[in-house]
**Student:** 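Following this message is one structure expressed as structure tokens.
Everything numeric here is computed off the predicted structure, so don't read it as measured data. In this chain, residues are counted from 1 in sequence order.
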Amino acid sequence: MDIKKSFSGYILILFCAGLFGIFGWGARGAQEYAAAEDARPAQSKVSSLSQTPQLKLNAQSAVLMDGETGRILYGKEADLVRPMASTTKIMTCILALEQGNLEDEAEVSSYAAGQPKVHLGAPAGRRFRLGDLLYSLMLESHNDSAVMVAESVAGDVKTFAAMMNEKAEKLGCENTWFITPNGLDAKETDEKGKERLHSTTARDLAAIMRYCTWGSPKSQEFLRITQTQNYYFTDLDKKGSYSCVNHNAFLTMMEGVLSGKTGFTGGAGYSYVASMEKDGRKYVIALLGCGWPPHKTYKWKDARALFDYGLKEYHHEELKTPGKLEPILVDRGIPGDGQIGHEARVEIGLKGEAGGTRPRVLVKAGEQIQIKAELPQKLTAPVQKGAKIGQLVYILEGTEVYKEPVYAMEDIKPIDVRWCLRQIFSRFFFYKNLQNPLEK
């Protein structure tokens with residue numbers, strides 16, 4: 001037997017055995033990218049911050065928000081905690097729509113009947129349809145109707161307030177605390193012994209309005225109620241009749257305004273929250289502490305200034321991919337060419353590349369979109385085609401505006417005994433064939 005041939009075959013067997021010992025059976029999958037210790041750096045330039053102009057606003061706190069992404073386009077003391085007055089009722093309304101049955105009966109309790117003006121004024125014991133009370137709540141801002149709604153949906157005001165706070169937390173409102181369903185100034189001590197005011201921030205209030213307008217499964221019902229100019233109803237026993245007029249005058253002041261809610265208490269001052277959609281662009285504004293009597297119209301002036309600023313300064317821009325994504329190394333995977341010593345790498349891509357499904361974002365001059373690739377440095381075979389590998393995060397002026405999954409575009413099988421044996425025999429017979437002519 002040829003020594004050279006025997007030696008080459010022996011070395012090849014040891015090499016494959018070593019590979020198999022190192023790589024094992026390839027049982028560990030590569031589907032969970034979150035377990036990776038490292039991520040690739042961002043694949044685009046860092047955005048340059050644009051200067052935020054100072055609008056002349058009367059409100060102590062104000063926000064202009066992109067209704068599509070939730071990004072703050074303009075803020076003035078956006079995170080200052082303040083009383084919110086009857087703007088509270090947007091949360092009361094959306095919870096009633098989501099959690100209640102509009103055909104349910106709501107009876108006036110003695111507590112509800114004792115609420116101060118502005119109120120419906122129905123006596124204790126009178127019964128109403130829950131759906132009718134939502135018009136009383138949102139058009140006339142009746143404080144007793146808010147209590148009736150809360151008691152109908154949750155049984156009592158305290159339980160309903162807990163539902164309001166739970167919903168606010170789910171919406172990411174970190175600085176909001178609800179005590180009442182109507183927004184009257186109130187304070188309490190929470191379970192941890194901390195004194196709490198019925199309060200929010202302009203940022204949080206705008207986020208709640210954004211949800212009510214576009215995010216909730218009951219958004220259309222919310223808009224139908226808040227856009228109604230006049231509404232008439234009676235109690236279930238036909239003992240009284242009630243007429244409601246919408247006090248959100250801004251609905252007709254600017255084209256594209258979708259919804260809004262006013263508010264006033266001595267502690268909060270005048271407040272206002274509203275949403276708009278025009279030329280495909282979505283905006284939300286929130287105003288807190290926007291003057292005290294006799295300056296009732298300050299909120300309309302500030303609302304127009306914020307919406308005008310958004311319409312003038314911001315335009316839509318398509319989110320674009322950073323180009324072809326580099327393949328990722330796959331540990332213990334069979335190389336694409338099937339050759340020992342070569343690395344296995346998996347092609348990755350975006351399912352939306354051809355579909356154009358990425359959202360448009362509002363951008364103004366000087367702003368740039370940064371793309372951060374959250375991808376593992378290495379995967380472990382097997383890798384299945386279509387498995388989620390990581391994601392691209394689109395960042396605009398420090399705010400994440402969109403996340404897009406990255407997928408494996410092919411299968412990568414793990415190294416196993418069969419593959420190793422196939423390599424051994426193919427190499428062995430290859431060498432044998434090379435030696436035959438010499439032996440002759």
Side-chain angles (χ1 to χ4, degrees), residues 62-75 78 84-100 102 131 134-135 137-139 141 149 164 167-173 176 178 181 183 200-229 231 246-263 271-288 299-300 302-304 306-311 314 316 359-362 399 401-402:
V63 150
L64 171 68
M65 176 181 285
D66 178 359
E68 189 73 40
T69 65
R71 184 169 78 101
I72 301 301
L73 306 179
Y74 179 87
M84 65 189 108
S86 286
T87 57
T88 295
K89 293 180 174 106
I90 65 172
M91 178 65 92
T92 303
C93 183
I94 203 66
L95 273 182
L97 289 169
E98 292 180 351
Q99 303 295 327
L102 299 188
L134 295 185
Y135 289 88
L137 174 80
M138 299 304 290
L139 273 57
S141 199
V149 168
M164 298 172 81
K167 189 70 172 183
E169 184 177 356
K170 287 181 179 178
L171 296 178
C173 300
T176 295
F178 292 105
T200 189
T201 65
R203 182 194 301 271
D204 285 0
L205 185 58
I208 296 170
M209 188 57 161
R210 175 183 173 229
Y211 174 77
C212 291
T213 305
W214 296 291
S216 170
K218 297 295 183 178
S219 289
Q220 290 305 308
E221 290 88 339
F222 178 86
L223 292 176
R224 183 173 63 249
I225 292 171
T226 57
Q227 290 173 359
T228 299
Q229 288 297 328
Y231 190 78
N246 198 327
H247 290 269
N248 179 20
F250 206 71
L251 275 175
T252 58
M253 287 184 178
M254 285 192 77
E255 181 184 353
V257 176
L258 294 177
S259 182
K261 185 69 189 76
T262 60
S271 303
Y272 186 57
V273 60
S275 56
M276 167 189 280
E277 186 167 356
K278 188 175 182 181
D279 300 328
R281 291 172 288 175
K282 299 176 180 178
Y283 298 98
V284 181
I285 63 163
L287 303 167
L288 295 173
K299 59 182 177 290
W300 307 137
D302 282 4
R304 182 177 291 277
L306 284 170
F307 280 135
D308 279 342
Y309 172 73
L311 292 170
Y314 286 86
H316 267 140
R360 297 182 300 172
V361 293
L362 291 174
T399 300
V401 294
Y402 184 61

**Student:** Classify the side-chain pair K89/T92 by whether it contains a donor and acceptor separated by less than 3.5 Å.
**Tutor:** no
**Student:** Would you say Y211 and K167 are linked by a side-chain donor-acceptor pair, where the criterion is simply a distance under 3.5 Å?
**Tutor:** yes
**Student:** Determine the minimum heavy-atom distance between C173 and A207, stating which atoms define it.
**Tutor:** SG-CB, 4.2 Å
**Student:** For the atom pair NZ (K282) and CG (L362), what is the distance rounded to the nearest 0.5 Å?
**Tutor:** 10.5 Å
**Student:** Under a plain distance cut-off of 3.5 Å, with no hydrogens placed, do S141 and K261 share a side-chain donor-acceptor pair?
**Tutor:** yes
**Student:** If I compare all heavy atoms of V284 with all of A206, which pair ends up nearest, and what's the gap?
**Tutor:** CG1-O, 3.5 Å
**Student:** Provide the closest heavy-atom pair for V149 versus A96 in the form atom of the first, atom of the second, distance.
**Tutor:** CG1-CB, 3.6 Å
**Student:** State, yes or no, whether a side-chain contact exists between V257 and T252 at a heavy-atom distance under 4.5 Å.
**Tutor:** no
**Student:** Under a 3.5 Å distance rule, please check whether Y283 uses its side chain to pair with a backbone N or O of M65 as donor and acceptor.
**Tutor:** no
**Student:** Hydrogens and angles aside, do N248 and Y272 bring a side-chain donor and acceptor to less than 3.5 Å of each other?
**Tutor:** yes
**Student:** So, E98 and S216: side-chain donor and acceptor under 3.5 Å apart, yes or no?
**Tutor:** yes
**Student:** Enter the distance from L251:CG to Q229:CD here, rounded to the nearest 0.5 Å.
**Tutor:** 6.0 Å
**Student:** What are the two closest non-hydrogen atoms of C212 and I94, and how far apart are they?
**Tutor:** SG-CB, 3.7 Å
**Student:** Using a 4.5 Å cut-off on heavy atoms from C-beta on, say whether the side chain of V361 contacts that of Y402.
**Tutor:** no
**Student:** Tell me if a side-chain donor or acceptor on R71 pairs with a main-chain N or O of D66 at a distance below 3.5 Å.
**Tutor:** no
**Student:** Shortest non-hydrogen contact from T88 to M164?
**Tutor:** CG2-CE, 3.7 Å
**Student:** So how far is it from R281 CZ to E68 CD, rounded to the nearest 0.5 Å?
**Tutor:** 13.0 Å
**Student:** Take T228 and N246 through the side-chain contact (heavy atoms from CB on, under 4.5 Å) test and state the conclusion after the steps.
**Tutor:** CA-CA 7 Å; T228 299; N246 198 327; 5.5 Å; no
**Student:** Kindly give the heavy-atom pair with the smallest separation between C93 and M138, and that separation in Å.
**Tutor:** CB-SD, 3.6 Å
**Student:** Under the side-chain contact (heavy atoms from CB on, under 4.5 Å) rule, what do L137 and I225 come out as? Steps first, then yes or no, please.
**Tutor:** CA-CA 10 Å; L137 174 80; I225 292 171; over 6 Å; no
**Student:** Is the W300 ring parallel, tilted or perpendicular to the F250 ring (thresholds 30°, 60°)?
**Tutor:** parallel
**Student:** Take a 6.0 Å sphere around CD of E169 and say whether it holds more than 12 heavy atoms from other residues, nucleotides or ligands.
**Tutor:** no
**Student:** Determine, stepwise, if the pair L311 / M254 fulfils side-chain contact (heavy atoms from CB on, under 4.5 Å).
**Tutor:** CA-CA 12 Å; L311 292 170; M254 285 192 77; 4.3 Å; yes
**Student:** In the structure I gave you, are the side-chain heavy atoms of I90 and F222 within less than 4.5 Å of one another anywhere?
**Tutor:** yes
**Student:** Using 0.5 Å steps for rounding, measure from the CD1 atom of I72 to the CG atom of L64.
**Tutor:** 8.0 Å
**Student:** Do the side chains of W214 and L258 get nearer than 4.5 Å, heavy atoms only?
**Tutor:** yes
**Student:** Any chance you could measure M91, atom CE, to L205, atom CG, to the nearest 0.5 Å?
**Tutor:** 9.5 Å
**Student:** Is there a side-chain contact between T262 and T87 (heavy atoms, below 4.5 Å)?
**Tutor:** no
**Student:** Look up atom CD1 in I285 and atom CE in M209, then write down how far apart they are to the nearest 0.5 Å.
**Tutor:** 9.0 Å
